[in-house]
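Worksheet: the structure to be examined is printed underneath.
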Amino acid sequence: MNESLGKHYDAAAAYEKYYDAWEAAGCFKGKPQQPGPTFTMVIPPPNVTGSLHMGHALNNTLQDILARYHRMDGYNTVWIPGTDHASIAVHWVLEREFKKEGTNRFDLGRDEFLKRAWAFKEEAENNILTQLRALGVSCDWERKRFTMDEGLSRAVRECFVRLYEDGLIYRAQRLVNWDPVAQTTLSDLEVIHEEGADGELWSFAYPLADGSGEIVVATTRPETMLGDTAVAVHPDDDRYKSIIGKMIKHPITGREFPIVADAILVDPEFGTGAVKVTPAHDPNDFEVGVRHKLPMINLLNKDGTFNENGGPFVGLDRFEVRRAVKEKIESLGLDRGTEAHKMNIGRSERSGTVVEPMLSTQWFVKAKPLAAPALAAVENGFTKFVPTQWENTYYAWLRDIRDWCISRQLWWGHQVPAWYDDEENVYVGHSEADVRTKHALGDDIKLRQDPDILDTWFSSALWPFSTMGWPDKTPELARWYPTATLTTGFDIIFFWVARMMMMGQYLMGSVPFKDVYIHALIRDKNGDKMSKTKGNVVNPLEMIDKYGCDAFRFTLTAFAAQGRDMRWDENRAEGYSKFVNKIWQAFRFTMSHIGDVEPSELQKFPAAETDSMYNRWIRHKLREAILQYGTSIKEYRFNEAANSIYHFIWDELCDWYLELVKPALYGKAEHGEATKLGVQQTLYLVFHSLARALHPVMPFFTEELWAQLPATEGYIMNATMPKPEDFASEHEAAKEIDFLQSTIVAVRRVRAEFGVPVKENVEVLVRTDASSWETMASHSVALSNLAKATMKALDGGSVPEKSATEVVTDTELFLPLEGLIDFAAEKVRLEKDLKKLDKEINGLRKQLGNQKFLNRAPNEIVADKKSQLSDAEGRETRVKAAIERLS
RNA sequence: GGGCGAAUAGCUCAGCGGUAGAGCGCCUGCCUUACAAGCAGGAUGUCGGGAGUUCAAUCCUCUCUUCGCCCACCA
């Protein structure tokens with residue numbers, strides 16, 4: 001026995017032993033020049049602010065399984081890693097630090113801020129990448145990219161310029177989402193709509209300028225009345241027809257503005273049927289403002305305080321103004337009451353503050369023209385979502401897409417490649433020099449670059465090709481684009497997947513990936529989303545520590561059923577760590593019994609004369625497991641892949657095969673020493689195959705097996721996947737062993753129920769046909785070892801009166817257990833069996849008596865049912881006879 | 001207001017029209033020289049309710065109930 005085979009597998013030691021060694025040996029390296037079909041993936045780049053969470057763990061484990069599987073299956077495989085600069089998230093982290101230091105980014109200034117940001121990035125990136133390695137991911141680290149690398153920044157500028165020149169990027173004054181805490185715009189996707197918040201609908205009266213009366217309006221945001229430039233009513237509303245066109249005098253600012261008729265905005269049934277219009281702070285009102293050419297009064301400073309348009313409330317925060325306005329109006333006698341009102345509030349995804357719609361000049365991507373090909377690509381099947389249900393989500397968003405605000409008033413990110421002269425003319429280009437050349441601007445003209453940066457997702461959208469060197473024409477792009485599979489969570493289908501689809505087709509002319517595998521969300525045990533604030537976060541690194549990386553990965557894999565969220569259950573991880581141990585123990589056993597064979601001999605397929613029914617059977621089962629495993633992985637049914645192997649190893653290899661071949665290994669088999677070699681060769685074949693098959697799921701563990709297994713060379717990931725063709729189908733062996741198993745189980749059942757001492761041998765009388773008896777006799781050693789039973793043919797003799805009975809298909813087993821059996825109990829037991837049989841028989845008879853069934857069901861189903869029935873009937877007769885004998 | 005998903009053993013969940021499964025937990029008996037991180041045996045289910053399609057439904061269709069989630073500019 002190999003000295004280094006410890007009693008237990010040491011997962012942490014295996015990580016130490018292998019991870020860096022794999023990398024150093026270039027195992028993960030993608031080589032574009034290598035032949036073969038390609039399998040390419042780009043990692044969803046984790047934020048540099050992040051630390052490894054369960055989502056990452058699942059996502060990257062599944063990707064690693066795909067990468068390792070395809071690498072061993074003959075594909076030219078590469079998995080490109082990297083990180084995302086996560087603009088607003090980094091700002092958020094740094095701002096908190098600044099606050100502790102009693103400063104802020106504006107006091108520090110842009111240059112100092114960026115220094116700090118880069119320093120932070122270096123440290124944080126290192127952290128997340130180290131954690132990813134602990135998972136065992138086989139990324140090509142030499143190709144690691146960061147979204148703000150020079151190459152990727154160049155890609156961003158190139159993309160921006162092209163879109164601009166094609167008229168797909170424009171600069172305009174629009175109503176945007178403003179985060180007054182982070183002090184930047186946000187895209188629509190970064191605003192989280194909080195449903196059903198308790199709010200109030202407050203009504204107040206606007207006096208008409210001519211003193212002829214008032215008009216009552218309602219609002220959930222009282223402070224916006226300072227920016228009202230109209231009140232709208234429905235043109236057909238008789239209540240207001242006469243006052244359309246009249247002026248209102250603002251009770252606080254004194255401005256005068258009109259009552260307008262607008263059929264689009266106003267629902268005469270709602271409230272008073274009159275709507276206050278604040279074009280600079282409400283999307284609907286903005287449209288009204290455009291339609292009626294109303295002035296648009298911006299009320300807010302960047303930090304959410306009121307600007308000079310706020311009349312008496314200049315400098316106050318928006319929420320203070322809300323209270324102040326209500327008080328003022330009340331004091332003027334214009335308050336018309338409040339009522340409770342469920343409302344939706346838009347909050348900033350990052351800062352959590354209430355987002356203000358605000359009029360502002362920003363850069364936008366014209367989305368519709370880009371969305372059309374992205375939609376068509378999925379409709380036409382060039383890119384497939386797995387599970388397909390996500391295609392609906394994708395369609396819905398793209399069909400209704402609106403322009404994308406891409407400029408942010410932040411500093412960490414890609415600065416907008418646009419320059420302005422003193423007259424505010426805009427020049428877009430790759431650099432200031434480029435702009436000067438292109439537009440023939442003399443040195444006398446001063447240019448300043450747009451201070452804003454781009455939405456982080458703008459650079460992420462280029463990830464599948466910017467990581468491969470675009471816009472240059474690189475060998476990588478030629479060989480590896482488009483990628484095979486993108487694996488990600490549903491929460492970024494819009495943010496990322498859809499945008500990569502748009503940019504991929506726009507810039508590369510083809511989809512960025514063939515498959516999009518959307519994995520489920522891991523929730524906590526109660527089904528709640530894991531979050532730091534709830535304190536229910538499970539740390540994957542802790543799980544790795546506790547159960548070992550291989551068991552943890554296996555757990556995630558076994559959890560990964562398609563299309564459904566999963567609740568994390570640590571019991572499962574514990575269970576699978578036992579599974580790892582189970583394999584280890586079986587392997588130790590195997591190793592202790594194959595050591596005396598020359599490796600060259602071990603590697604041979606068993607010759608006919610040394611082979612056995614047990615070997616044929618286990619190879620048949622292995623073939624089935626591997627077939628299922630490969631298909632499952634290719635179809636992204638990871639849980640099925642895990643289960644097929646689990647079942648094979650535990651329920652077939654360990655529970656039966658190893659037990660069945662022990663006599664042969666000990667030289668006690670019925671066929672003598674001759675069968676030993678065949679068993680050793682089969683054991684070798686089984687472990688040699690299993691290790692390779694399991695490698696994608698359990699990389700470290702299988703490497704350890706590989707290292708111990710004789711006659712293996714190099715690292716296991718350089719070996720190839722076992723194929724079903726490596727083993728023949730052995731249906732006869734399967735049938736025979738099935739019969740043997742049923743017999744053993746039947747004897748064990750009787751033994752257990754009647755408390756026959758474990759070590760006591762029992763004699764079993766068998767009534768059956770000649771060929772079944774012959775089969776049974778050939779397994780006498782197995783029956784003796786596994787059932788502690790000595791089988792004797794009844795041979796026309798009479799059935800012993802005092803015996804327990806079991807029926808296995810057409811074979812009857814009688815166990816004369818004089819003195820042990822409580823015959824009343826045996827009768828009860830048999831009657832229970834009979835009841836079950838009756839139910840089965842009735843069902844089958846009914847079905848087979850149905851002419852329609854006979855006519856319409858497929859022949860093999862009918863034949864199957866018939867044999868089931870005759871089998872059941874046979875057993876029924878025999879069970880009945882047994883009951884008779886006891887009466 | 002739209003859209004999507006889920007409901008299966010005590011718990012967490014698989015289940016690809018043809019006699020209901022796994023892990024954990026539970027009961028009984030075992031330290032059998034690979035494994036007590038184990039072995040053998042056992043119990044537990046109107047597959048959420050109702051209707052339909054089908055020879056046949058846990059699976060397909062409709063409907064109801066109960067939970068999730070996503071999208072959406074109603075004052």
Side-chain angles (χ1 to χ4, degrees), chain A residues 5 7-8 175 188-189 193 195 201 217-221 232 265-267 270-278 282-287 341 343-344 346 357 389-390 392-393 396-397 400 490-491 493-494 521 523 525 527 529 558-559 561 563-572 574-593 635 637 639-640 643 646-647 651 654-655 658-659 662 666 744-745 748-753 755-759 785-788 836 839-840 843-844 847 850-858 860-862 864-865 868 872:
Chain A
L5 262 180
K7 188 154 190 200
H8 297 289
L175 210 64
D188 295 339
L189 287 175
H193 295 277
E195 208 163 335
L201 188 62
V217 294
T219 182
T220 53
R221 294 187 296 155
L265 178 74
V266 183
D267 170 8
F270 187 93
T272 59
V275 186
K276 61 187 277 305
V277 179
T278 324
D282 182 278
N284 289 314
D285 295 1
F286 176 78
E287 298 298 325
H341 185 70
M343 53 192 245
N344 298 341
Q389 74 209 36
W390 293 109
N392 291 328
T393 307
W397 189 69
D400 210 21
F490 66 85
D491 49 331
I493 290 179
F494 306 145
L521 193 74
R523 301 172 170 281
K525 206 170 176 171
K529 230 173 176 167
F559 257 118
R564 200 161 115 156
D565 288 354
M566 45 187 124
R567 296 191 193 193
W568 177 250
D569 179 1
E570 209 175 313
N571 283 330
R572 291 276 293 265
E574 198 190 332
Y576 291 127
S577 71
K578 290 180 180 175
F579 174 56
V580 171
N581 179 59
K582 186 77 178 174
I583 307 173
W584 186 251
Q585 301 306 335
F587 183 66
R588 280 175 68 224
F589 171 79
T590 296
M591 291 297 290
S592 69
H593 285 99
E635 291 175 358
R637 299 171 178 277
N639 61 322
E640 287 183 7
N643 287 336
Y646 183 95
H647 171 66
D651 303 337
C654 293
D655 282 355
L658 293 183
E659 298 302 330
K662 273 176 182 173
Y666 299 148
I744 292 172
V745 168
R748 281 174 179 170
R749 195 159 48 212
V750 174
R751 295 182 58 116
E753 287 192 32
V756 180
V758 176
K759 286 179 180 167
N785 278 302
L786 303 188
K788 284 270 181 289
K836 255 193 214 162
K839 207 177 151 195
E840 192 184 336
L844 288 164
Q847 203 168 11
N850 183 343
Q851 199 54 43
K852 281 185 186 164
F853 170 69
L854 297 175
N855 292 343
R856 299 195 193 175
E860 70 259 31
I861 296 290
V862 175
D864 201 37
K865 295 279 176 195
Q868 279 175 32

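Comparing the same atom, C1', in B:C47 and in B:C71 gives a spacing of 32 Å after rounding to whole Å. The P atoms of B:A7 and B:G48 are separated by 7 Å, rounded to the nearest whole Å. The P atoms of B:G18 and B:G3 are separated by 32 Å, rounded to the nearest whole Å.
For the pair A:Q585 and A:H193, both in contact range of RNA chain B, the more 5′-proximal nearest nucleotide belongs to A:Q585.
When distances run from any side-chain atom of A:A586 to the nucleotides B:U32, B:A37, B:A34, the shortest one goes to B:A34. Nearest nucleotide to the side chain of A:V758, out of B:G29, B:A34, B:A37: B:G29.
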Below 3.5 Å is the cut-off: list the nitrogen or oxygen pairs between protein and nucleotides 39-41 of chain B, distance only.
unit_1 : atom_1 : unit_2 : atom_2 : d
B:C39  : OP1    : A:K582 : NZ     : 2.7
B:C39  : OP1    : A:W650 : NE1    : 2.9
B:A40  : O3'    : A:R748 : NH1    : 3.3

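The side chain to side chain donor-acceptor pair (under 3.5 Å) test applied to A:T278 returns A:D228, A:K276, not counting sequence neighbours. Looking at residues two or more places apart in sequence or on another chain, you find a ring-ring contact (aromatic ring centres under 6.0 Å, His included) between A:Y646 and A:Y576, A:F579, A:W650. Take A:A787 and apply the side chain to side chain contact (heavy atoms under 4.5 Å, CB included) test, not counting sequence neighbours, and it matches A:I744, A:V747, A:A789.
Within the 4.0 Å cut-off from OP1 or OP2 of B:U32, not a single side-chain nitrogen or oxygen of A:Y666 is found.
Counting only Watson-Crick and G-U wobble pairs whose two distances sit under 3.5 Å, RNA chain B takes part in these stems of three or more pairs: B:1-7 with B:65-71, B:10-13 with B:21-24, B:26-30 with B:38-42, B:48-52 with B:60-64.
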Treat primed atoms plus P, OP1 and OP2 as sugar-phosphate and everything else as base, then score nucleotides 7-23 of chain B 5' to 3': B for base contact with protein heavy atoms under 4.0 Å, S for sugar-phosphate contact only, - for none. S----SSS-B-BB---S
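Of the N and O atoms on the side chains of A:H647 and A:D651, at least one donor lies less than 3.5 Å from an acceptor on the other residue.
Although no hydrogens or angles enter the test, the distance criterion places no donor-acceptor pair under 3.5 Å between the side chain of A:R748 and the main chain of A:K788.
Residues A:N392 and A:W397 have side chains not in contact (no heavy-atom distance under 4.5 Å, counting atoms from C-beta outward).
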